Amino acid sequence: MIRKFLRKVFSRKTPASESIATLSIIPNKQHSIRRNQINPCALKIATNLQQAGFSAYIVGGAVRDLLLGLTPKDFDVATNATPEEVRQLFRRSRIIGRRFRLVHVMCGAETVEVSTFRGPSPDDEEDSATIPQTDAHGRLLHDNVFGSQEEDAVRRDFTVNALFYDPVKEEILDYLNGFDDIKAKKLRIIGDPVQRYREDPVRLLRAVRLASKLGMQIDAETAQPIGDLAPLLQNVPPSRLFDEMLKLLLSGHSLSCVVELRARGLHHGLLPMLDVILEQPLGERFITIALKNTDERIKQNKPVSPGFLFAILLWHEVLSNWNTLKTSGEKPMPALFKAADQVLSLQHEKLAIPRRFDAVIQEIWAMQPRFEARSGRKPFHLLSHPRFRAAFDFMLLRCESGELSPELGEWWRAFLSADSEEREKLLSKQIAGKKPRRRRSRKKPSSAPLAQPDNPTNPENI
Ligand code: ATP
Ligand code: MG
C-alpha cells in the first residue's frame with residue numbers, strides 16, 4: 001500500500017496535460033502584491049515550510065483577488081510537503097478530509113488551509129481498471145494524487161485561479177497565462193472546456209459566480225458549452241450544490257449571479273421553479289428586491305441568514321401551491337403548512353437544503369398571515385416571537401414587491417416604534433376601521449381568505 005502510494009507520488013508518467021503549461025516568473029516590481037498584504041498566519045506557514053526545505057506558495061483566490069485590488073476571503077497555501085510533513089512542522093495543525101486530504105494549520109483564532117500539490121488521476125491501466133476515475137458522465141471521482149507544482153496549476157479550474165505567489169522571493173509563478181487574463185479581466189477555463197466541466201460540473205456555477213464577483217468576462221470558448229452542459233449538474237451530490245449555491249448567494253453579487261444563471265440556463269438544477277417565479281412580475285420583483293438587499297447587507301458586513309434567503313427564493317413557489325390547495329377547498333393554515341412541506345421536500349431532494357434550516361424557513365412562512373391579524377393581543381404575541389424580526393423583514397419585502405398593501409408595512413413599522421399608549425391607539429384605529437368586515441368574516445370563517453386582517457385562524461393552534 002505504502003509502496004504503491006510512493007510510486008504514484010514519485011514515478012508517475014508525464015501527463016499529456018503538462019504540455020499546455022509554460023512557466024513565467026513575474027518579479028516583484030512587475031506586479032502589485034506586497035508582502036504586508038498577505039495574512040500573517042499564511043505568511044508564517046509558507047515561510048516556515050520554505051525554511052524546512054519545501055516549496056510553499058500562497059495560491060488560488062487570494063493571489064487573484066489581491067491582483068484585482070479586492071480583499072481576499074481566505075489565504076490558502078500550497079506546498080510539495082505531504083500532509084504528514086506539514087502536520088509535523090506545525091504543532092497546532094490537523095489533517096482533514098478523506099478523499100481530499102489537506103492540513104488545517106491554526107494560528108491564534110485563525111485557520112489556514114495547506115494543501116499538497118495535486119496531479120492528474122492515475123493514468124496507468126492497472127489503477128484505472130480497478131478503481132473507476134470518472135462516472136459515466138466524465139465526472140472525476142478522485143482528486144487525491146500528489147503531483148508537481150505544474151500539475152497542480154493545470155488541475156485548477158480557471159487560469160486566474162492558478163497563480164502561485166512566493167512570499168519570500170515576492171514573485172508570482174504563472175504556468176497558464178493567468179496574469180495576463182487578470183489584466184484583461186478574462187475568465188478562462190484551463191484545458192478543454194467540455195472535458196473540464198464534465199470532470200466537475202460545479203465549475204459551470206463557479207464560472208458564473210466568479211465572473212459576477214470579479215467583474216470579469218467569461219471567455220467565449222469557456223462560455224460556449226455552459227448551456228448545453230447544464231444537465232450535468234444533476235449528477236453533482238446535492239450537498240456540494242448547496243454549498244456552491246450558498247457561496248453564490250452570499251457573494252455580495254447574488255442578484256447578478258441569479259440573472260446570469262438564468263440567462264445561461266443553469267438555474268434548473270438549483271431552484272427548479274426559479275424560471276417560473278422570475279417570469280411572474282410579482283415573483284421577479286420580490287426576488288430582485290430581496291437579493292439587492294442581501295448584496296447591500298453583505299457589502300456593509302451585516303449578517304445574512306441562509307434560512308431567510310431560502311425562504312425568499314422559495315416563497316412564490318409556496319404561494320402558488322398554497323393557492324392551488326385553497327382553491328381545492330383546503331383551509332388556509334393547513335394549506336399553507338402543506339404547501340411549505342411540498343416545496344421543502346422537493347428542495348431537499350434537489351439542493352439538499354440541510355434540515356437545520358427548515359425550522360427557520362417554515363417559521364418565517366407560517367408567521368406571514370399573522371401580520372394581517374391586527375386586533376386584540378395578536379400583534380403583541382407576534383412581537384414576542386423569537387423569529388419576529390426575520391418574519392417582519394420578510395413581510396416588508398412582500399409589501400415592497402407589491403404582493404401586500406404598503407399600508408400593512410407602514411402600520412407595523414409604526415407599531416414597532418410606538419410606546420404602549422400609541423400602540424393601543426394604533427390597535428383601536430384598526431378595530432374601528434375593520435368592524436364591519438370582521439362581522440362578515442365571522443359568519444363564514446372557513447371561506448375567509450388569509451389576507452383578511454381578522455382571519456380567525458390562529459396558526460399556533462394548528
Ligand atoms: P472564493 O473567493 O470564492 O474563495 P476561490 O477561487 O478562492 O474563490 P475556493 O473554493 O476557495 O475558491 O478554491 C480555492 C482554489 O481551489 C481556487 O482558486 C482554484 O484554484 C481551486 N479550485 C476550487 N474549486 C475548484 C474546482 N471545482 N476545480 C478545480 N479547481 C478548483
Ligand atoms: Mg478561496
Side-chain angles (χ1 to χ4, degrees), residues 17 20-21 38-39 42 57-79 96-97 99-100 102 104 110-121 134 138-145 147 149-165 172-176 178-179 181-182 187-216 218 222 226 229 232-233 235-237 239-254 257 298:
S17 50
I20 64 168
I38 307 296
N39 162 289
Y57 299 83
I58 310 295
V59 278
V63 184
R64 172 201 71 207
D65 288 352
L66 286 174
L67 288 172
L68 288 166
L70 303 170
T71 311
K73 229 173 39 194
D74 38 41
F75 285 79
D76 299 328
V77 171
T79 175
I96 61 147
R99 272 187 44 197
F100 191 97
L102 31 89
H104 274 175
E110 269 182 283
T111 301
V112 167
E113 228 167 70
V114 181
S115 58
T116 305
F117 296 145
R118 260 31 180 210
S121 302
T134 57
R139 188 166 69 85
L140 272 185
L141 299 174
H142 303 277
D143 189 11
N144 215 11
V145 178
Q149 182 180 35
E150 188 169 327
E151 287 171 330
D152 189 78
V154 171
R155 63 106 202 161
R156 289 176 184 273
D157 47 5
F158 302 100
T159 61
V160 298
N161 283 347
L163 295 166
F164 297 82
Y165 173 73
I172 293 171
L173 275 61
D174 180 6
Y175 288 92
L176 296 148
F179 190 69
D181 284 339
I182 283 196
L187 192 70
R188 192 191 309 273
I189 203 160
I190 297 167
D192 173 57
V194 172
Q195 187 200 336
R196 299 305 312 281
Y197 291 134
R198 282 190 179 281
E199 279 175 7
D200 182 6
V202 167
R203 292 173 186 150
L204 297 162
L205 301 175
R206 286 180 57 88
V208 170
R209 175 170 67 85
L210 291 172
S212 284
K213 167 179 157 160
L214 306 170
M216 285 186 159
I218 306 180
T222 300
I226 291 181
L229 297 180
L232 291 176
L233 286 173
N235 310 317
V236 176
S239 59
R240 253 199 100 199
L241 271 191
F242 177 78
D243 288 347
E244 190 54 36
M245 188 67 188
L246 207 55
K247 274 194 177 183
L248 193 145
L249 292 174
L250 301 177
S251 66
H253 298 84
S254 65
C257 282
I298 304 253

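Here the structure is a predicted model, which means the values were calculated and not measured. One-based numbering, in listed order, for ligands and for the atoms of each.
With salt bridges taken as basic N to acidic carboxylate O contacts below 4.0 Å, one links D152 and R156.
Closest to atom 16 (O) of ligand 1 by heavy atom, among R156, E244, R196, is R156. Nearest to atom 7 (O) of ligand 1 by heavy atom, out of S251, G178, G61, is G61.
Using cut-offs of 30° and 60° on the angle between ring planes, the pair Y57 and F117 is tilted.
The backbone N or O of V202 lies less than 3.5 Å from no partner atom in the side chain of R240, so there is not a single donor-acceptor pair. Formation of a donor-acceptor pair under 3.5 Å by the T222 side chain with backbone atoms of I189 is found in this model. At distances below 3.5 Å, at least one donor-acceptor pair connects side-chain atoms of R196 with backbone N or O atoms of I190.
When distances to the Mg ion (ligand 2) are checked against a cut-off of 2.8 Å, D74 contributes an N, O or S atom below that limit.
Separating the CG atom in L241 from the CG atom in L205 is a distance of 6.5 Å, to the nearest 0.5 Å. With rounding to the nearest 0.5 angstrom, the SG atom of C257 is 12.0 Å from the NZ atom of K247. The CD atom of E244 sits 4.5 Å away from the CZ atom of R209 when rounded to the nearest 0.5 Å. To the nearest 0.5 Å, atoms CG (L163) and CG (L173) are separated by 9.5 Å. The CD1 atom of I226 sits 12.0 Å away from the CG atom of L232 when rounded to the nearest 0.5 Å.
In this structure, atom 13 (O) of ligand 1 lies nearest to the protein heavy atom R206 NH2, 4.0 Å. In terms of protein heavy-atom proximity, atom 2 (O) of ligand 1 is closest to K213 NZ, 2.6 Å. Nearest to atom 10 (O) of ligand 1 among the protein's heavy atoms is K247 NZ, 2.8 Å. D200 OD2, 2.7 Å is the protein heavy atom nearest to atom 27 (N) of ligand 1. Closest to atom 14 (C) of ligand 1, if we only count protein heavy atoms, is D76 OD2, 3.8 Å. Nearest protein heavy-atom contact of atom 28 (N) of ligand 1 is R203 NE, 2.8 Å. Of the protein's heavy atoms, R209 NH1, 2.8 Å lies nearest to atom 3 (O) of ligand 1. With hydrogens left out, the protein atom closest to atom 1 (P) of ligand 1 is K73 NZ, 3.5 Å, a heavy atom.
Using a 4.0 angstrom heavy-atom cutoff, R64 counts as in contact with ligand 1. In this structure, E199 has no heavy atom closer than 4.0 Å to ligand 1.
The parts of D157 lying near ligand 1 are both backbone and side chain, judged by heavy-atom distances below 4.0 Å.
Close approach of ligand 1 to G60 is summarised as follows: ligand atoms under 4.0 Å from at least one heavy atom of the residue are 18 (O).
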